[in-house]
Amino acid sequence: MGIRLFNTYTRQLEEFTPLDPAGQQVKMYTCGPTVYNHAHIGNFRAYLFEDLLQRHLEARGYQVERVMNLTDVDDKTIRNSREAGRRLADFTAIYKDAFFQDVDTLRIKRAQHFPAATEPRYIERMISMIQQLESQGIAYQAEDKSVYFRLSKFPDYGKLAHLNLDELRPSGRIANDEYEKESIGDFALWKAWDEKDGDVAWDSPWGRGRPGWHIECSAMATALLGPEIDIHCGGVDNIFPHHEAEIAQSECCTGKKFVRYWLHCAHLMVDGQKMSKKLGNFYTLRDLIEKGFTGREARYALLTVNYRLPLNFTLPGLESARASLARIDEWVDRLTAHAAGASPTATPLSDFTEKFFAALDEDLNISGALAPLFDLIRESNSALNRSELSPAEAAQLLADWRRIDSVLGFEREAAAIPADVLALVEQRQQARADKEWKKSDELRDEILAKGWVVKDTKEGPKLTPR
RNA sequence: GGCGGGGUAGCCAAGUGGGAAGGCCGAGGUCUGCAAAACCUCUAUGAGUGGGUUCGACUCCCACCCCCGCCUCCA
């Protein structure tokens, strides 16, 4: 059985088959950050969902070519860079770097391409796409010198979001400086220079200005992946109008169906409410790190709720993630100690692994996948307690775990134990052998003070970072 | 007003027209010099509310309540 994914366009679970005739290559485009600030954990929830999707596809044998764009020019980047008194490129460079650091902290696999909107080749491509749309009578320049997409030329607009455009209610968010448009729904392809733009401008056939937001994704996606893409992801808030606009622009330019599977991730909430700076429940990844949490703990907390469900993020939830990871760590450590380099041999417990992947096949049902993992942990721990697991079987379970973790990315990074700590452990072992319990306990405290927890197991003392 | 998503134990959460997964927390126990971990046991006679269909409903249908989101540049 193959992978099934929920397609926003059809609102149905669909069997996934890539466009590639060989059924191997998967082309995936993911909307990335606008680099005007540190990305917040809601942004990262989307990127983690995309990471899970990529990793699962790869575990199932696909080769994923993924693009994530960086929006480095828009109202917010311009505004914030001017407030900071820096050139736009210098300003966004700070947040691009920060973004990649955060991506690494969360163990998100790097996409092959991270195109930025302001790269000359993409600006050129956006301009040539707009020119093409203009020659087709789809784009027009309004009195304000900006260029707009003539929605009346693309009847499919609204189909992704399942919106009936005639029934749209003006929500007050329609910018009041866009009265020059032929129709209220027409969206900007090219924005004429404005005083607020300062020195941010490119020359174009329509005068100086900058690209609209939507066109950048169409340009970068088709430039890097071609006219047809297998999977396009983003947050639900991108469905309308951003992804509708992408479809309209791309399909009018290429004449081909732009995207075959649209996947959208639900919003993150914090403490039951929408995350906002006003409510004081706004977190960046860095905020969590400052509170003493690790990237993988955040990864666990943000990844272990199905992507189509709203995720209520809480600090107790992070604590829970920490405890769950500790259980996995302990289990891996036990298996490693027991396997002791033995060659893997099949064990009846291995079928849990198939259940894990089968659950992910079903629209990335992560909860359904974790259940058999924890079943496996419980049963193999129990077998170890009863001395009913051979080293070869332990080695097999470790191999199974590595397959599972290639998707989860949860395994603890090995930390080198400092020599002085090892020496203290030696001393403590001697004290214990001599039944000098008081000295032994003092040494344990001393080791703890150095950041390590020592546990006496059947296999001898075990050290874990505090 | 239109269109979506959701309401399952203290918290997070899955699947299913017929025994309510799993994780965290909590309680008791086994083990241990002690501790920790691990393991075992316990923790929803009940699924937002009220109806209906059915031999049987958490699951299907209807109504209502509540939460969250989108409705023209928010992941």
Side-chain angles (χ1 to χ4, degrees), chain A residues 8 11 30-34 39-50 71 74-76 151 157-158 161-175 178 181 184-188 191 212-216 233-242 244-245 264-269 272-274 300-301 304-306 308-314 316-317 319-324 326-327 329-331 333-334 359 362 365-375 377-379 381-386 432 435-438 440-441 444 453-458 462 464:
Chain A
T8 306
R11 290 188 182 170
T30 51
C31 284
T34 300
H40 57 68
I41 57 174
N43 301 120
F44 282 114
R45 190 218 180 167
Y47 309 144
L48 281 163
F49 136 64
E50 291 152 2
T71 298
D74 80 321
D75 291 351
K76 290 178 301 224
L151 265 195
Y157 190 84
H162 299 85
L163 286 177
N164 181 343
L165 297 185
D166 300 332
E167 292 175 1
L168 287 190
R169 171 203 255 191
S171 71
R173 274 179 58 191
I174 297 174
E178 291 184 5
K181 295 188 290 186
I184 192 81
D186 292 355
F187 57 85
K191 303 181 82 156
W213 178 41
H214 311 305
I215 193 69
E216 74 173 75
C233 307
V236 285
D237 47 343
N238 276 158
I239 296 173
F240 193 90
H242 184 53
E244 293 281 5
H264 293 96
C265 151
H267 267 124
L268 175 88
M269 299 199 296
Q273 289 179 291
K274 184 169 181 173
Y300 189 102
T304 51
V305 172
N306 180 266
R308 285 204 288 131
L309 264 41
L311 189 163
N312 186 23
F313 180 88
T314 60
E319 301 280 0
S320 169
R322 170 175 289 174
S324 300
R327 177 131 176 251
D329 293 342
E330 290 288 342
W331 173 67
D333 287 347
R334 280 189 85 182
E362 211 51 22
N365 181 353
I366 185 69
S367 302
L370 289 175
L373 171 62
F374 282 102
D375 284 339
I377 289 173
R378 178 169 17 81
E379 297 199 19
N381 268 329
S382 186
L384 279 168
N385 284 2
R386 296 191 310 267
R432 294 186 69 232
K435 299 198 188 299
E436 296 180 45
W437 306 128
K438 194 177 171 204
S440 160
D441 290 346
R444 179 161 58 200
V453 178
V454 61
K455 295 169 188 167
D456 302 314
T457 72
K458 267 190 205 170
K462 194 167 101 53
T464 47

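These numbers come from a predicted model, not from an experiment. Every chain is numbered from 1 and lettered A, B, ... according to where its sequence line falls, protein lines coming before strand lines.
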Hits for ring pair (Phe, Tyr, Trp, His ring centres under 6.0 Å) against A:Phe49, two or more places apart or cross-chain, chain-then-number order -> A:Tyr307

Across all chains, not counting sequence neighbours, the ring pair (Phe, Tyr, Trp, His ring centres under 6.0 Å) partners of A:His267 are none

If I take atom [atom1] in residue [X] and atom [atom2] in nucleotide [N], what distance separates them, rounded to the nearest angstrom?
| X | N | atom1 | atom2 | value |
| --- | --- | --- | --- | --- |
| A:Glu330 | B:A36 | CD | C1' | 8 Å |
| A:Arg45 | B:G69 | CZ | P | 14 Å |
| A:Glu379 | B:A38 | CD | P | 16 Å |
| A:His264 | B:C70 | NE2 | P | 14 Å |
| A:Glu244 | B:C3 | CD | P | 16 Å |
| A:Leu268 | B:G69 | CG | P | 12 Å |
| A:Tyr157 | B:U72 | OH | P | 10 Å |
| A:Trp331 | B:A37 | CH2 | C1' | 16 Å |

Applying a 4.0 Å non-hydrogen cut-off, can you work out what [X] is touching in the nucleic acid: base, sugar-phosphate, or nothing?
| X | result |
| --- | --- |
| A:His40 | base |
| A:His242 | nothing |
| A:Arg322 | nothing |
| A:Gly317 | nothing |
| A:Val453 | nothing |
| A:Gly212 | nothing |
| A:Ser440 | base |
| A:Asn365 | sugar-phosphate |
| A:Lys435 | nothing |
| A:Asp74 | nothing |
| A:Lys462 | nothing |

How far, in whole Å, is [M] from [N] if one measures between their [atom1] atoms?
| N | M | atom1 | result |
| --- | --- | --- | --- |
| B:G46 | B:U30 | C1' | 32 Å |
| B:U53 | B:C61 | P | 15 Å |
| B:G2 | B:A44 | P | 41 Å |
| B:G17 | B:C25 | C1' | 34 Å |
| B:C12 | B:U72 | C1' | 35 Å |
| B:U45 | B:G18 | C1' | 16 Å |

Provide the closest heavy-atom pair for [X] versus [Y] in the form atom of the first, atom of the second, distance.
| X | Y | result |
| --- | --- | --- |
| A:Ala245 | A:Tyr157 | N-CE1, 3.8 Å |
| A:Cys265 | A:Ala46 | SG-CA, 3.8 Å |
| A:Thr8 | A:His264 | OG1-ND1, 2.7 Å |

Return the polar atom pairs (N/O with N/O) between nucleotides 20-24 of chain B and the protein under 3.5 Å, or none.
from  : atom 1 : to       : atom 2 : distance (Å)
B:G23 : OP1    : A:Arg327 : NH1    : 3.3
B:G23 : O2'    : A:Ser324 : OG     : 2.4
B:C24 : O4'    : A:Ser320 : OG     : 3.2

Given [options], which nucleotide is nearest the side-chain atoms of [X]?
| X | options | result |
| --- | --- | --- |
| A:Ile377 | B:C39, B:A36, B:A14 | B:C39 |
| A:Leu163 | B:C12, B:C34, B:G2 | B:G2 |
| A:Leu309 | B:G33, B:A14, B:U72 | B:A14 |
| A:Pro241 | B:A35, B:U72, B:C3 | B:U72 |

- Query: When you check the side-chain N and O atoms of A:Arg334 and A:Asn385, is any donor under 3.5 Å from an acceptor?
  - Reply: yes

Side-chain H-bond candidate by donor/acceptor type, A:Ser382 with A:Arg386, under 3.5 Å
yes

Ion pair A:Arg45/A:Glu50, N-O distance below 4.0 Å: no

Salt bridge check, A:Lys438 against A:Asp441: does any charged N sit closer than 4.0 Å to a carboxylate O? no

Nucleotide opposite [N] in a Watson-Crick or G-U pair, distances under 3.5 Å:
| N | result |
| --- | --- |
| B:U43 | none |
| B:C24 | B:G10 |
| B:U16 | none |
| B:U59 | none |
| B:G69 | B:C3 |

When you check the phosphate oxygens OP1 and OP2 of B:A38, does a side-chain N or O of A:Asn385 lie under 4.0 Å from one of them?
no

- Item | Distance test, side-chain N/O of A:Arg444 to OP1/OP2 of B:A35, below 4.0 Å | no

Worksheet entry | Beyond-backbone contact of A:Phe240 with A:Leu163, side-chain heavy atoms, under 4.5 angstrom | yes

How are the rings of A:His214 and A:His242 set relative to one another: parallel (under 30°), tilted (30 to 60°) or perpendicular (over 60°)?
-> tilted

Comparing nearest nucleotides in RNA chain B, the 5'-proximal residue of the pair A:Asp75, A:Met269 is A:Met269

Exercise. Classify the side chain of A:Asn312 and the base of B:C68 as holding, or not holding, a donor-acceptor pair under 3.5 Å.
Key: no

